[in-house]
Amino acid sequence: MDYYREIMELVGKVVDAAGVFVIVIGAIVATIRFLARRGPDFGSSYRAYRQGLGRAILLGLEILIAGDIIRTVVVAPTLENVLILGLIVIIRTFLSMALQLEVDGRWPWQHAEESSPHAR
């Protein structure tokens with residue numbers, strides 16, 4: 001059983017590293033795209049940069065949540081760890097929803113046609 005826990009701990013760390021990697025690479029790619037297509041319309045270039053950066057952070061947060069779940073539920077399923085995991089998931093979900101609103105100009109549960117034109 002200890003071998004299984006060690007493997008799951010390693011898997012959790014690898015998933016966490018993948019989440020951080022996605023955020024870092026996404027930030028680098030968004031920055032390179034921004035620098036490459038700077039033009040006379042700075043506003044649209046900056047908006048595209050923020051959207052690219054926001055999408056990278058969103059994806060990275062989802063992966064980081066998966067790593068937390070693996071480590072907490074599989075490796076050490078104590079009540080305290082599960083409560084801490086719940087708090088982490090709530091915080092990261094709130095961040096994800098706020099980023100989604102910032103990137104897309106609408107809440108995740110809204111369809112594109114329902115979004116307000118003033119949100120962008």
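What you see below is based on every heavy atom in this structure, not just the backbone, and it leaves out hydrogens, waters and symmetry mates.
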Would [X] and [Y] show up in the same hydrophobic cluster when neighbours are defined by side-chain heavy atoms closer than 4.5 Å?
{"X": "Leu95", "Y": "Val20", "result": "yes"}
{"X": "Tyr3", "Y": "Ile70", "result": "yes"}
{"X": "Ile32", "Y": "Leu35", "result": "yes"}
{"X": "Val82", "Y": "Ile84", "result": "no"}

- Could you state the interatomic distance from CD (Glu6) to CD (Glu9), rounded to the nearest 0.5 Å?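 So the CD of Glu6 and the CD of Glu9 are separated by 9.5 Å.
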
Notebook entry, point to check: Is a donor on one side and an acceptor on the other found under 3.5 Å between the side chain of Ser45 and the backbone of Arg37?
Noted result: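 Here the side-chain-to-backbone pair exists.
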
Under 4.5 Å side-chain heavy-atom separation, chaining through any Ile, Leu, Val, Met, Phe, Trp or Tyr, what else clusters with Ile90? Say none if it is isolated.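 Traced through the cluster, Ile90 reaches no other member.
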
Exercise. Could you identify which residues cluster with Leu10, counting Ile, Leu, Val, Met, Phe, Trp and Tyr as linked when any side-chain heavy atoms lie under 4.5 Å apart, either directly or through a chain of such contacts?
Key: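 Besides Leu10, the cluster holds Val14.
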
Can you name the side chain to side chain contact (heavy atoms under 4.5 Å, CB included) partners of Asp68, sequence neighbours left out?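 Testing Asp68 for side chain to side chain contact (heavy atoms under 4.5 Å, CB included), a comparison that skips the adjacent residues, returns Asp16, Arg71, Leu85, Ile88, Arg92.
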
For residues 54-66, dump all side-chain donor-acceptor pairs below 3.5 Å to protein atoms at least two apart in sequence or in another chain.
none

Margin query: Taking ring pair (Phe, Tyr, Trp, His ring centres under 6.0 Å) as the cut-off, I'd like each qualifying pair that reaches into residues 16-35, sequence neighbours left out, listed once.
Written below: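 Qualifying pairs, neighbours excluded: Phe34-Phe42, Phe34-Tyr49.
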
So, using side-chain hydrogen bond (donor to acceptor under 3.5 Å, both in side chains) as the criterion, who are the partners of Ser44 when residues are at least two apart?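 In terms of side-chain hydrogen bond (donor to acceptor under 3.5 Å, both in side chains), with neighbours along the sequence ignored, Ser44 is linked to Asp41.
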
